[in-house]
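Take a look at the structure set out below.
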Amino acid sequence: IGVAELHRKIGHKKTAVSYAEYRKLLVTARQAIKSVNRKLVVSGPGFSDGSLALAVADHLNREEGLAVAHRFWVKWKNSGGRPVESRLGLYRLINKSESKRRIEFVRQTIRDSVTDVLQLHYYGGWKALEPMLRWIRQHMQESGSVRPIVASEVGFFVDTDLVKADKKAV
């Protein structure tokens, strides 16, 4: 069952849910899975590296300043021709209400050990992966929710317009 279909079945019109709703679903799924076999490993559906990058950039902005946050953001976005926001653009992005919701969702997911492993998806620049993993581990340790991290989707962003242009050139 896809995420959008699942959300329709539980009465949501959008795929964005609050962490409380998400957690309730995870707890129910965990109980069902563990009732079959206590040894089974439970993983959440994962979250995007875009949301994770926002959370890391927000943390860096608050702790070390906008310049450091922007350097990280450039490392994350600098793959496959994605446009990179200016420092001011990043600051505005971090402070949008939808971004704040995504940042808080990531923080709560990392700090809550409802699952046995933390799953993430990664499509960013490789130079940003190590700071992201360090940030995740730090937040897990601070909250006492240390568990393995699994990257079930790893890839590289490619601008489809660039691919089309490249095919025409051949």
Side-chain angles (χ1 to χ4, degrees), residues 2-4 6-7 12 14-26 29-30 41-159:
V3 172
L6 177 61
H7 286 238
H12 294 282
K14 298 190 303 185
T15 57
V17 297
S18 71
Y19 186 75
E21 292 170 305
Y22 175 74
R23 188 178 196 286
K24 184 177 178 181
L25 185 62
L26 279 181
R30 179 184 180 83
V41 175
V42 178
S43 170
F47 51 83
S48 77
D49 63 329
S51 295
L52 180 57
L54 278 170
V56 173
D58 177 61
H59 172 80
L60 290 171
N61 179 50
R62 286 183 287 107
E63 297 295 321
E64 301 179 46
L66 186 56
V68 173
H70 191 258
R71 279 194 299 276
F72 161 79
W73 190 256
V74 169
K75 288 177 185 177
W76 174 71
K77 281 214 97 171
N78 195 9
S79 65
R82 290 193 282 192
V84 178
E85 291 83 357
S86 65
R87 284 184 189 177
L88 180 59
L90 175 59
Y91 181 81
R92 287 179 178 153
L93 179 62
I94 289 170
N95 286 291
K96 285 184 175 179
S97 61
E98 175 58 16
S99 295
K100 287 180 180 272
R101 186 198 65 79
R102 290 171 62 191
I103 290 166
E104 188 56 29
F105 191 96
V106 167
R107 284 187 187 133
Q108 289 179 321
T109 300
I110 290 169
R111 291 177 174 272
D112 190 351
S113 57
V114 173
T115 60
D116 299 316
V117 299
L118 179 72
Q119 183 187 169
L120 62 94
H121 308 153
Y122 193 80
Y123 294 91
W126 294 111
K127 291 181 179 179
L129 183 58
E130 192 277 327
M132 283 185 161
L133 292 174
R134 187 174 351 112
W135 184 84
I136 291 171
R137 285 186 195 113
Q138 174 189 342
H139 281 73
M140 283 182 174
Q141 289 171 346
E142 288 173 359
S143 63
S145 64
V146 176
R147 57 204 187 276
I149 301 168
V150 175
S152 61
E153 291 183 26
V154 178
F156 189 76
F157 177 84
V158 176
D159 185 330

Do [X] and [Y] come within less than 4.5 Å of each other through their side chains, counting heavy atoms only?
X	Y	answer
Ser99	Leu93	yes
Thr115	Ser43	no
Leu52	Trp135	yes
Arg102	Ser48	yes
Leu66	Arg87	yes
Phe72	Met132	yes

Nearest 0.5 angstrom please: [X] [atom1] to [Y] [atom2], how far?
X	Y	atom1	atom2	result
Arg107	Ile136	CZ	CD1	13.0 Å
Arg137	Leu118	CZ	CG	11.0 Å
Leu133	Leu120	CG	CG	7.0 Å

Do side-chain atoms of [X] reach the backbone of [Y] as a donor and acceptor pair under 3.5 angstrom?
X	Y	result
Gln119	Gly44	yes
Arg30	Val114	yes
Ser145	Ile110	yes
Ser51	Val106	no
Thr109	Phe105	yes
His59	Ala55	no

Discussion item. For a side chain to side chain contact (heavy atoms under 4.5 Å, CB included) check, start with the C-alpha distance between His121 and Val154, then their side-chain angles and the critical distance, and finish with the verdict.
Written reply: CA-CA 6 Å; His121 308 153; Val154 178; over 6 Å; no

Item to complete: Using distance alone, with no hydrogens and no angle criterion, decide if Glu153 and Tyr122 have a side-chain donor and acceptor under 3.5 Å apart.
Response: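 Judged by distance alone, the side chains do not pair up.
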
Item to complete: Answer yes if the side chains of Arg111 and Ser143 hold a donor-acceptor pair under 3.5 Å, and no otherwise.
Response: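 No.
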
Fill in: Flag if over 12 foreign heavy atoms under 6.0 Å of OH, Tyr91
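No, the 6.0 Å shell around OH holds no more than 12 heavy atoms from other groups.
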
Discussion item. Taking the basic N atoms (NZ, or NE/NH1/NH2) and the acidic carboxylate oxygens, is any pair closer than 4.0 Å for Glu130 and Arg134?
Written reply: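 Result for this pair is yes, salt bridge flagged.
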
Item to complete: State plainly whether the residues Asp116 and Arg147 are in salt-bridge range, i.e. N to O under 4.0 Å.
Response: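 Looking at Arg147 together with Asp116, the answer is no, because their closest N to O distance does not fall below 4.0 Å.
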
Discussion item. If I compare all heavy atoms of Lys100 with all of Ile94, which pair ends up nearest, and what's the gap?
Written reply: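 Lys100 and Ile94 have their closest heavy atoms at CG-O, 3.7 Å.
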
Discussion item. Restricting to non-hydrogen atoms, name the atom on Ala57 and the atom on Trp73 that form the minimum distance, rounded to 0.1 Å.
Written reply: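 For Ala57 versus Trp73, the nearest heavy atoms are CB-CE3, 3.9 Å.
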
Worksheet entry | Worked check of salt bridge (charged side-chain N to carboxylate O under 4.0 Å, His left out) between Glu21 and Lys24 | CA-CA 5 Å; Glu21 292 170 305; Lys24 184 177 178 181; over 6 Å; no

Worksheet item: Restricting to pairs with a member in residues 61-71, which pass side chain to side chain donor-acceptor pair (under 3.5 Å), not counting sequence neighbours?
Response: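 As it turns out, the side chain to side chain donor-acceptor pair (under 3.5 Å) pairs with a partner in residues 61-71, which skip direct neighbours, are Asp58-Arg62.
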
Practice prompt. Any chance you could lay out the side chain to side chain contact (heavy atoms under 4.5 Å, CB included) test for Asp49 and Leu129, step after step, and finish with the verdict?
Written response: CA-CA 9 Å; Asp49 63 329; Leu129 183 58; over 6 Å; no

Worksheet item: Given Lys77 and Glu85, is the salt bridge (charged side-chain N to carboxylate O under 4.0 Å, His left out) satisfied, shown in steps?
Response: CA-CA 9 Å; Lys77 281 214 97 171; Glu85 291 83 357; 3.2 Å; yes

